[in-house]
Enquirer: 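One structure coming up, written as structure tokens, with questions to follow.
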Amino acid sequence: NSYLQKLTQGSVYPNPAQTECTVLFSAEKQAKYTLEIADAIGKILLRKDINANAGDNYVKLNIGNFANGYYLISIVDEAGNRETLKLIKE
């Protein structure tokens with residue numbers, strides 16, 4: 001069972017972003033998650049393990065060295081369930 005709430009409550013901002021973005025998501029309980037940023041062809045460019053708290057979680061990501069373009073930010077729970085947000089880097 002996924003502890004990750006549907007990301008209709010989640011977001012990434014600013015979007016489009018230039019050097020840094022913040023991912024906001026809600027977790028039903030304290031758990032470990034992995035954030036991944038992938039490019040348009042699915043190559044993982046950044047992976048960050050986080051210990052989320054129950055409720056809202058904010059994670060800052062440095063994307064200043066990424067090329068301009070379209071990226072997918074995935075939030076993966078311990079069971080491997082994945083939710084994905086879209087990000088544009090300018």
Side-chain angles (χ1 to χ4, degrees):
N1 219 6
S2 174
Y3 297 118
L4 192 62
Q5 294 180 358
K6 292 298 178 195
L7 285 180
T8 52
Q9 300 175 10
S11 62
V12 57
Y13 62 90
N15 194 1
Q18 294 180 349
T19 59
E20 186 176 85
C21 67
T22 300
V23 176
L24 163 64
F25 70 97
S26 294
E28 290 181 357
K29 70 174 195 174
Q30 186 174 1
K32 292 183 179 181
Y33 293 86
T34 301
L35 255 62
E36 297 174 344
I37 299 182
D39 63 15
I41 59 170
K43 180 181 177 186
I44 304 288
L45 304 175
L46 176 71
R47 182 176 280 126
K48 184 172 187 171
D49 293 325
I50 56 172
N51 293 310
N53 296 311
D56 289 343
N57 291 272
Y58 300 84
V59 181
K60 286 192 176 193
L61 300 173
N62 182 344
I63 59 166
N65 58 349
F66 290 8
N68 290 354
Y70 174 82
Y71 296 90
L72 295 174
I73 299 176
S74 295
I75 304 164
V76 186
D77 68 14
E78 290 177 297
N81 297 301
R82 177 180 302 265
E83 296 289 344
T84 304
L85 300 168
K86 297 172 186 173
L87 172 68
I88 297 172
K89 161 72 165 67
E90 291 186 333

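Basis for what follows: all heavy atoms, side chains included, without hydrogens, waters or symmetry-related copies.
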Enquirer: For the side chain of Asn15 and the backbone of Lys86, is there at least one donor-acceptor N/O pair under 3.5 Å apart?
Expert: yes
Enquirer: Locate the shortest heavy-atom distance separating Glu78 from Ala31; write the atom from each residue and the value.
Expert: OE1-CB, 4.0 Å
Enquirer: Is the shortest side-chain heavy-atom distance between Tyr71 and Asp39 below 4.5 Å?
Expert: yes
Enquirer: List the atom of Ala17, the atom of Cys21, and the distance in Å for their closest heavy-atom pair.
Expert: CB-CB, 4.1 Å
Enquirer: Give, for atom NZ of Lys89 and atom CG of Asn68, the distance between the pair rounded to the nearest 0.5 Å.
Expert: 4.5 Å
Enquirer: Do the non-hydrogen side-chain atoms of Tyr33 and Val59 ever get within less than 4.5 Å of each other?
Expert: no
Enquirer: Ile50 versus Asn57: any side-chain heavy-atom pair under 4.5 Å?
Expert: no
Enquirer: So how far is it from Gln18 CD to Ile63 CD1, rounded to the nearest 0.5 Å?
Expert: 9.0 Å
Enquirer: Atom CG in Leu72, atom CD1 in Ile41: separation rounded to 0.5 Å?
Expert: 12.0 Å
Enquirer: NZ of Lys48 to CG of Asn62: how many Å apart, nearest 0.5 Å?
Expert: 9.0 Å
Enquirer: Can you find a pair of side-chain heavy atoms, one from Leu87 and one from Leu61, that are under 4.5 Å apart?
Expert: no
Enquirer: If you measure from OG on Ser11 to CD1 on Ile73, what distance do you get to the nearest 0.5 Å?
Expert: 10.0 Å
Enquirer: Which residues satisfy the salt bridge (Lys or Arg N to Asp or Glu O under 4.0 Å) test with Glu36, sequence neighbours excluded?
Expert: Arg47, Arg82
Enquirer: Nearest 0.5 Å, what's the CZ-CG distance between Phe25 and Leu85?
Expert: 10.0 Å
Enquirer: Are Leu45 and Ile75 connected in the hydrophobic side-chain network, where two residues link if heavy atoms are under 4.5 Å apart?
Expert: yes
